[in-house]
S.K.: 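Just passing along the structure, written as structure tokens.
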Amino acid sequence: MTNYAKTNIGNEGRVELHEALGLTGAEVSVNKLPAGAGVPFVHAHKENEEIYGVLEGAGLATIDGEDIELTTGDWLRVSPAAHRQLRAAADSGIAYVCIQVKQGSLGAFTADDAIMC
């Protein structure tokens, strides 16, 4: 039995990694939208905050009616109750990672949780 899981997502438009990697404490998705395209729905969460990291391109996140410009290298945290929707810029696609975790669940950070072996 191994203590790790590995997958390759190829060139998919959207991949959720919870099943492929056997995630038990987070959901991670990798997403690509072509220029002008958007996520086709507005959503919120019951318990999970989301962290979006823009890998390449540009776009907009609409959070509770406010448009927030996004570009390569930007990171954005969104509270569970916030209504959110993402879309690519009209002239640029966007590739981003979305990490979902239960708000308030992090008990220890890297320095406090690490064990030197």
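Bear in mind the structure is a predicted one, so any value in this text is a computation, not a measurement.
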S.K.: Decide yes or no for Tyr52 and Leu70: does some side-chain heavy atom of the first lie under 4.5 Å from some side-chain heavy atom of the second?
M.R.: no
S.K.: Side chains of Glu49 and Ser79, heavy atoms from C-beta outward: is any pair under 4.5 Å?
M.R.: no
S.K.: Any idea which heavy atoms bring Gly57 and Ser92 closest together, and the distance?
M.R.: CA-OG, 3.6 Å
S.K.: Okay, side chain of Glu50, backbone of Val78: is any donor-acceptor separation there less than 3.5 Å?
M.R.: no
S.K.: If you define the side chain from C-beta out and look only at heavy atoms, does anything of Val30 sit under 4.5 Å from Glu12?
M.R.: no
S.K.: Determine the minimum heavy-atom distance between Pro34 and Ala88, stating which atoms define it.
M.R.: O-CB, 3.3 Å
S.K.: In terms of hydrophobic clusters joined by side-chain contacts under 4.5 Å, are Val15 and Ile51 together?
M.R.: yes
S.K.: Identify the two heavy atoms, one from Ala35 and one from Ala90, that lie closest to each other, and give their separation to 0.1 Å.
M.R.: CB-O, 3.5 Å
S.K.: Pairs of donor and acceptor atoms involving the side chains of residues 94-105, under 3.5 Å and at least two apart or interchain, shall be tabulated with distances.
M.R.:
from   : atom 1 : to     : atom 2 : distance (Å)
Gln100 : OE1    : Asn48  : ND2    : 2.9
Gln103 : OE1    : Arg77  : NH2    : 2.9
Ser105 : OG     : Lys102 : O      : 2.7

S.K.: Would you compute the distance between atom CD of Gln85 and atom CG of Asp67 and round it to the nearest 0.5 angstrom?
M.R.: 10.0 Å
S.K.: For His83, give me all partners under side-chain hydrogen bond (donor to acceptor under 3.5 Å, both in side chains), at least two apart in sequence or on another chain.
M.R.: none
S.K.: In Å, rounded to the nearest 0.5 Å, how long is the span from CD of Glu16 to CD1 of Ile9?
M.R.: 12.0 Å
S.K.: Could you grab the distance from atom CG of Asn31 to atom CZ of Arg14, nearest 0.5 Å is fine?
M.R.: 4.5 Å
S.K.: To the nearest 0.5 Å, tell me how far Ile68 CD1 sits from Asp74 CG.
M.R.: 10.5 Å
S.K.: Is there a path of hydrophobic side-chain contacts, each under 4.5 Å between heavy atoms of I, L, V, M, F, W or Y residues, that connects Ile63 with Val39?
M.R.: yes
S.K.: Tyr4: which residues meet the ring-ring contact (aromatic ring centres under 6.0 Å, His included) condition with it, sequence neighbours left out?
M.R.: none
S.K.: Would you say the side-chain atoms of Arg84 pair up with the backbone N or O of Ala82, donor to acceptor, closer than 3.5 Å?
M.R.: yes
